[in-house]
Amino acid sequence: MLGFVSAHNPWNAISNLELRQSYKSFGDGLVLPSATTLGNICWRECALTVDAIKKQLPIRKKVSLASDGWTSTNKLAITSVIAYYMDRNWALLEVQLAFDEVDRLFGSRFES
């Protein structure tokens, strides 16, 4: 599933007969979900991730938001949104809220 999603394939592509047959060449034990199941899995994982991020953020405290960008060793341009805040002991803490690959033509979803 990770390979399918990271290739930016649309959900309904999993229903394509030729694509399903090519995935079956990886082994007889491979079971491919339907497009609906694949979408449900991704939405569930997204909700779990958002909940985990919310639990890391402080309640009723101010946070500072920052944007960061870098290029990975495999030449991918990445942008990130990070929340910074201080705890009771004045230690600086951070929570990564989002990150995305920057499309060279259109930019990132997080750019304004």
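Not measured: the values here are computed from a predicted model. Sequential numbering from 1 along the given sequence is applied to the chain's residues.
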TODO: Would you check if Ile53 and Val95 make a side-chain contact, meaning some heavy-atom pair closer than 4.5 Å?
DONE: yes
Task: Side-chain heavy-atom pair Tyr85, Leu92 within 4.5 angstrom cut-off - done: no
Interatomic distance, [X] atom [atom1] to [Y] atom [atom2] [nearest 0.5 angstrom]:
X	Y	atom1	atom2	answer
Ile82	Gln96	CD1	CD	6.0 Å
Thr37	Arg44	OG1	CZ	10.0 Å
Ser64	Lys62	OG	NZ	9.5 Å
Thr36	Ile41	OG1	CD1	11.0 Å
Ser22	Asn16	OG	CG	8.0 Å
Leu97	Ser67	CG	OG	11.0 Å

Open item on the list: When you measure from the side chain of Ser72 to the backbone of Leu76, do you find a donor-acceptor pair of N or O atoms at a distance under 3.5 Å?
Closed with: yes
Task: Leu93 vs Met86, side chain to side chain contact (heavy atoms under 4.5 Å, CB included): CA-CA, chis, key distance, verdict - done: CA-CA 6 Å; Leu93 301 174; Met86 306 293 276; over 6 Å; no
Open item on the list: For Lys61 and Arg88: C-alpha separation, side-chain torsions, deciding distance, then whether side chain to side chain contact (heavy atoms under 4.5 Å, CB included) applies.
Closed with: CA-CA 11 Å; Lys61 290 190 180 187; Arg88 289 181 177 201; 4.2 Å; yes
Open item on the list: Atom CH2 of residue position Trp70 - does it have more than 12 heavy atoms of other residues, nucleotides or ligands inside 6.0 Å?
Closed with: yes
Open item on the list: To check you understand the geometry: which heavy-atom pair defines the closest contact between Ser15 and Ala35, and what is its length?
Closed with: OG-CB, 4.2 Å
Open item on the list: If you compare all heavy atoms of Ala13 against all heavy atoms of Leu19, which two are closest, and at what distance to 0.1 Å?
Closed with: O-CD2, 3.1 Å
- [ ] Please test Phe99 against Thr79 for side chain to side chain contact (heavy atoms under 4.5 Å, CB included), starting from the C-alpha separation and ending with a verdict.
- [x] CA-CA 6 Å; Phe99 72 94; Thr79 186; over 6 Å; no
